[in-house]
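Accompanying notes for the structure given below.
Position 1 is the first residue of the sequence, and the numbers go up from there.
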Amino acid sequence: MRKKPEILATQEVAKSRLFRVEQLELRFSNGVQRTYERLRGKPGGLGAVMIVAMLDTENFVLIEEYCAGTESYELTLPKGLIDPGEDALMAANRELQEEAGYAARELEWVTELSLSPGYMSQRIQVVLARDLYPSRLEGDEPEPMGVETASLNDLLGLLARPNFSEGRALAALYVVRDLLQQRGLLKPTDVKGAP
């Protein structure tokens, strides 16, 4: 196992309402020193959730929201921050109601994903939501989100859509698809484009 670099100094170089940029002076085990930067969340943040909400054994819920990073409306999975007093499953059910108008009777933690660990510290908890029913909570979204559905059997078709590009969402969908296949709830031969 490799020895982690020694952190010689840490300095906050920028700060916004949601993020901090830190500069790190590192010394690697071979003596080489480098300066790295990383994006961190607010201190004391509780993390975030991304929800794969299944309407049945094949179809899941997508939301369409404005994304400032790409300056466009994008399809993605419901997601959001974990609030104080919540665990990942509670936050997932709340966000699902706020963003997509569904609640789930069955919630299961699946995995944790990072976005870009080379320069970001944030991680997101992937939650599988099943046995959905209509339920809406007021959220903090500036406008109502579009709600669409797609099939786990056609993830390549979803990826071909110009308004679906979020890597974390795609990774979460593939993980859930494989999990449901292993459990015998989705047959591998049903997947379009599968070898």
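In terms of heavy atoms, Y73 sits closest to Y66 at CD2-N, 3.5 Å. For the pair F28 and P5, the tightest heavy-atom approach, listed with the atom from each and the gap, is CE2-CG, 3.3 Å. Listed here is the closest heavy atom pair of V49 and A88: CG1-O, 3.4 Å. L81 approaches A91 most closely through the heavy-atom pair O-CB, 4.3 Å. Summarising the geometry of A53 relative to L96, their closest heavy-atom pair is CB-CD1, 3.6 Å, with the distance given to 0.1 Å. Between V61 and L77, the shortest heavy-atom contact is O-CD2, 3.7 Å.
For residues 66-83, the salt bridge (Lys or Arg N to Asp or Glu O under 4.0 Å) pairs, not counting sequence neighbours, are E65-K79, K79-E166, D83-R94.
At a threshold of 4.5 Å between non-hydrogen side-chain atoms, the residues I82 and D87 do not count as touching. Using a 4.5 Å heavy-atom threshold, the side chains of V127 and V110 count as separate. For the pair E37/Y119, no side-chain contact is recorded, criterion being any heavy-atom separation below 4.5 Å from C-beta on. Looking at L113 and V126, their side chains come closer than 4.5 Å, going by heavy atoms from C-beta outward. Using a 4.5 Å heavy-atom cutoff, the side chains of L180 and M54 are in contact. Within the 4.5 Å cutoff, no side-chain heavy atoms of V147 are placed close to those of L62. Side-chain contact between L128 and W109: absent, with no pair of heavy atoms (C-beta onward) separated by less than 4.5 Å. Taking 4.5 Å as the limit, some side-chain heavy atom of R38 sits within range of a side-chain heavy atom of L24.
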F60 vs V176, side chain to side chain contact (heavy atoms under 4.5 Å, CB included): CA-CA, chis, key distance, verdict: CA-CA 11 Å; F60 59 90; V176 166; over 6 Å; no

Evaluate the salt bridge (charged side-chain N to carboxylate O under 4.0 Å, His left out) criterion for residues R161 and E64: first the C-alpha distance (whole Å), next the side-chain angles of each, then the deciding distance (0.1 Å), finally the verdict. CA-CA 13 Å; R161 295 180 66 174; E64 183 182 48; over 6 Å; no

Take Q23 and Q11 through the test side-chain hydrogen bond (donor to acceptor under 3.5 Å, both in side chains) and record every step on the way to the result. CA-CA 5 Å; Q23 183 175 312; Q11 177 184 0; 4.7 Å; no

Derivation of the side chain to side chain contact (heavy atoms under 4.5 Å, CB included) call for I124 and R168: CA-CA 9 Å; I124 198 159; R168 294 179 305 176; 3.6 Å; yes

Tell me, with the steps shown, if Q33 and L26 meet side chain to side chain contact (heavy atoms under 4.5 Å, CB included). CA-CA 5 Å; Q33 288 187 219; L26 301 175; over 6 Å; no

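A donor and an acceptor atom, one from each side chain of Q97 and S135, are located under 3.5 Å apart.
Residues Y36 and I7 are members of one and the same hydrophobic cluster, defined by side-chain heavy-atom contacts under 4.5 angstrom among Ile, Leu, Val, Met, Phe, Trp and Tyr. Hydrophobic clustering of Ile, Leu, Val, Met, Phe, Trp and Tyr side chains at less than 4.5 Å, counting indirect connections, keeps L115 apart from I63. Hydrophobic clustering (side-chain heavy atoms under 4.5 Å, transitive across Ile, Leu, Val, Met, Phe, Trp, Tyr) keeps M90 apart from V52. Linking Ile, Leu, Val, Met, Phe, Trp and Tyr whenever their side-chain heavy atoms come within less than 4.5 Å puts V175 and L159 in one cluster.
In this structure, F164 CZ and L158 CG are separated by 4.0 Å, a value rounded to the nearest 0.5 Å. Going from atom CG of L152 over to atom CG of N59 covers 8.0 Å, rounded to the nearest 0.5 Å. From E98, atom CD reaches atom CG of D140 across 6.5 Å, with rounding to the nearest 0.5 Å. Within the model, atoms OG of S151 and CG of L55 stand 11.0 Å from one another, a figure rounded to the nearest 0.5 Å. Between atom CZ of residue R40 and atom CD of residue E22 there is a gap of 4.5 Å, rounded to the nearest 0.5 Å. Residue T35 holds its OG1 atom at 3.0 Å from CD of E25, rounded to the nearest 0.5 Å.
The existence of a salt bridge linking E58 and R130 is excluded, since no basic side-chain nitrogen approaches an acidic carboxylate oxygen closer than 4.0 Å. Salt-bridge formation is not detected for the pair E99/R136: no Lys NZ or Arg NE/NH1/NH2 atom is positioned less than 4.0 Å from an Asp or Glu carboxylate oxygen.
Remark: E106 CD is packed, more than 12 non-hydrogen atoms of other residues, nucleotides or ligands lying under 6.0 Å away. A 6.0 Å sphere centred on CZ of R34 holds no more than 12 heavy atoms belonging to other residues, nucleotides or ligands.
In this structure, the side chain of N163 does not engage the main chain of L75 through any donor-acceptor pair within 3.5 Å. Using a distance-only test at 3.5 Å, with no hydrogens or angles considered, a donor-acceptor pair links the side chain of S16 to the main chain of F19.
With L186 as reference, N153 is the one residue of T57, D178, N153 to meet the side-chain contact (heavy atoms from CB on, under 4.5 Å) rule.
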